[in-house]
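Proteins get letters first, then strands, A, B, ... in listed order; numbering begins at 1 in each.
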Amino acid sequence: MAEYNFKEIEEKWQKYWHKNKSFKAEVSSRPKFYCLEMFPYPSGKIHMGHVRNYSIGDVYSRYKLAQGFNVLHPMGFDAFGQPAENAAIKNKTKPGAWTHKCIEEMETELKKMGLSYDWDREVSTCDPDYYRWNQWIFIKMFEKGLAYKKASGVNWCPSCATTLANEEVIDGGCWRCHTKVEQKDLDQWYLKITGYKERLLEDLNQLKLWPERVIAMQTNWIGKSSGCEIYFRRKDNNGVIPVFTTRADTIFGATYIVLAPEHPTVLELIKGQPQEKEVLKFIDKVSQESKVVRSSSDVKKEGIFTGSYAINPVNNEVIPIWVADYVLMEYGTGVIMAVPTHDQRDFLFAKEHGLAMRVVIQPFTQQCELCAEDLSEAYEGDGRQINSAQFNGLPNLEGKAAIAEWMEKTRIGKIQTHWRLRDWLISRQRYWGTPIPMIYCDKCGVVSVAYEDLPVELPKDAPFTGEGGSPLGKVKEFVDCFCPKCKAKARRETDTMATFFDSSWYFLRYCSPEFTNGPFEVKDAKYWMPVDQYIGGIEHAILHLLYSRFFTKFFKDLGMIDFDEPFTKLLTQGMVLKDGEVMSKSRGNIVDPDSMIQRYGADTLRLFMLFAAPPETELEWDDRGMDGAFKFLNRVWRIQDNLKDKADEPVVRSLHKAIKKISEDMEAFKFNTAIASMMELVNAIYQSGADKEVYSKLIIMLSPIAPHFCEELWQNLGNQGSIIKAGWPKFDQKLLVEDTVEMPVQINGKVRSKISFPTNASVEIIQAIVAKDEKVQQWIQAKPIKKFIVVPNKIVTIVV
RNA sequence: GGGCAAGUGGUGGAAUUGGCAUACACGAGAGACUUAAAAUCUCUUGGCCGUAAGGCUGUGAGGGUUCAACUCCCUCCUUGCCCACCA
């Protein structure tokens, strides 16, 4: 037979699959399997991260296909976003043209990998047929009160006159011109994801097949914390200042309270005080700082006394009210009670400004009473309540509950839950995104575009330079419109949607990509959804997955679907490293997948990617590993010339053991050990030869990993049609059991002999055989046997 | 600071979940084939002692549980990822 010519073979079978629509998925009565990999941003070139992600998904998908499932395996492009605008500015093209060119190039590269996609279902989020449904969803949310507009602080570069994402603020300056970034209030569109916070948290329990750490990350992000709201009264006018705390047990140690600089009450508190001017100056200074600067951890905490006092409701103590930058308006009530003895930040702040401290929790191990003067840092551990009136002596965890209950009864406070999760800001002052389908009418106010007028299409020409705010605002034909209600002249919203919106429901669109009466056809989604296996990078563990879960729940509430969670099983693949570092342009350590395909072929690249490491862990790129993978394929290739009429029994047994192991491994995404088992089988074949039967089963099992290669061998063996239809091999249980097993014999924990025993021999028989073994007797000598342990077919242990 | 992973030969990684540590591969070494090289095939390959048989030792460090620990428990170290003035 000729040599393995991967170039010819890969082109041939890619054409074959395309021509025969081998991976076309259609609704049927067979059990379905929806296998999905996160769709890429079309940068034009695929990188090794893509290769890994899509190889993993493709192998699993093909494996499920071989098992007889009706597999849906689609691909598309997350095509809106900033890079297209940047590229357009740089190359003087249009974002649309640039993006479409990139999509084409990327498709070509993906197709060269031999991925089993149903390309007929391809979606692209920048296509009006796609984004009109973004707009449709947005309007539905608006109608349900889940989309709303609110003024909010954004990072603002005064020189470029544009908003900046947090990532674009570098050392407090604009990434482009280094001008100091300011905070500016702008009216922005939000989605009320907080309306779903309980369900988003609760339903994480349903996700038994998600990695634990993703569940942990989502849980932290939603950030439910139970505590108390405590009402401090103002000394001057009895006004109430609510404070949120999770440490009600320390309330007797609260020696001052601190407001966030943005807190509206601050202005009242300082009015007429001698400090007024100074405090205003301080607030102004803080507000100039961008969030990024303010929250960088090593910056010293700064604050100032307001001149006013509050009353601690549990002991009627008069305590000062301060303002400090380390208190955040967005969390809790924007006010904290400071307990310097039991919170490190408060401790440092109190030391700095000479504020009072009182110990109220005594460590259990401490005998004599702990004094504030003795502390060199805050004591944040558990202990016994002291200086806490009627609660003295209680362990603080009991104290926390008792105090909370007492405060609620006496109406000093209220048991309360706070959440970290914020509403989702989706407005972007950019061009290359889905236009938010809203209209401003002088008479009717904010009105949504009529459904029949969707999509609101992006104007083909917009003057964008990356500077000076929203490009759509400069397109008169776009902005000028009529109010859908009163038909008067009106103004169109010029913000576009954050691209996370687009990717929050694309998995539903794949179910019926051509559907024109809604984002997806209900009956198709009913068959295909939820996604059985989702595969992607850990970097999407929080936002993308959370937003997708949110949208799914929203669709359920609209009655369009009947499940809570979109992704039954999730696999987060590890990154591809080179010399221990992440491959990236800036590091200059990129290995280009296309050049590897040129040199070795896609099958070798896929094989190496899957063999080098388990999918979840990081993968160290190794050129020599590619040689190894290529060598293995050639080794398999050569077998076809030396087939016997009938394989020896040991090889047949090896085959059946391999089928069992490989099937289990494929199911569990242990592709690296599955491949190792195939290599072992090949080694066995090299020892004593294979027949057509053994060889056929080997290449069927290898076919999800090296599909072109195996198709060719399958055909060489005289089969008609594709190996896809061959079906996954089954193993014969009888061939797995040998008559005898070799078991190690341990004496006092050390292996001293290896003896062959009949399979499943009884303890008595084993004892009798062991008694005749010279080596064992040598080690036991005449010492009495204390214990004789047999782990069936595994190990024999003797203790003397 | 909080959370989650992980740490095994020269390298990537295995280990049926408490049962022979290092499967499989890379690399290295030796041999066969060859005029030669490449390719291919076969063998060796954790460390120490030993001519050998064999022995001792060995999974980040230290302790513990057990007949038996890479695996479980405690303390510590290191690396990676995510979150973070979160009250």
Does a side-chain N or O from A:Arg213 land closer than 4.0 Å to OP1 or OP2 of B:C83, or not?
no
Side chain of A:Pro614: nearest nucleotide among B:U16, B:A87, B:A14?
B:A14
Per the atom types in the model, does the base of B:G19 pair as donor or acceptor with the side chain of A:Thr797 at under 3.5 Å?
yes
Heavy atoms from C-beta onward define the side chain here; which of B:G3, B:G19, B:U42 lies closest to that of A:Tyr686?
B:U42
Distance-only donor-acceptor hits, side chain of residues 569-578 of chain A, under 3.5 Å, sequence neighbours excluded:
none

Atom C1', compared across B:U59 and B:C72: separation rounded to whole Å
16 Å
Which pair of non-hydrogen atoms, one from A:Lys660 and one from A:Phe731, has the smallest distance, and what is that distance?
CA-CD2, 3.6 Å
Among B:C41, B:A84, B:G19, find the nucleotide with the atom closest to the side chain of A:Ile795.
B:G19
Same-atom distance (C1') from B:G12 to B:G27, integer angstrom:
11 Å
Please identify each residue that fulfils ring-ring contact (aromatic ring centres under 6.0 Å, His included) with A:Phe244, with sequence neighbours left out.
A:His418
How far, in whole Å, is B:A25 from B:G80 if one measures between their C1' atoms?
25 Å
Rounding to the closest angstrom, what is the interatomic distance between B:U8 and B:G60 at atom P?
6 Å
Any side-chain donor near an acceptor of the partner, A:Asp346 and A:Tyr256, under 3.5 Å:
no
With under 30° as parallel and over 60° as perpendicular, where do the rings of A:Phe630 and A:Tyr600 fit, or are they tilted in between?
perpendicular
Which nucleotide wins on minimum distance to the side chain of A:Ile542, given the candidates B:C82, B:A84, B:A87?
B:C82
Nearest to the side chain of A:Ala612 - B:G12, B:C85, B:C56?
B:G12
Can you give one letter per nucleotide of nucleotides 21-28 of chain B, 5' to 3': B if a protein heavy atom sits under 4.0 Å from the base, S if only from the sugar-phosphate, - if neither?
--BBSSS-
Checking B:C67, B:A84, B:C82 against the side chain of A:Met217 (C-beta onward), the nearest is B:C82
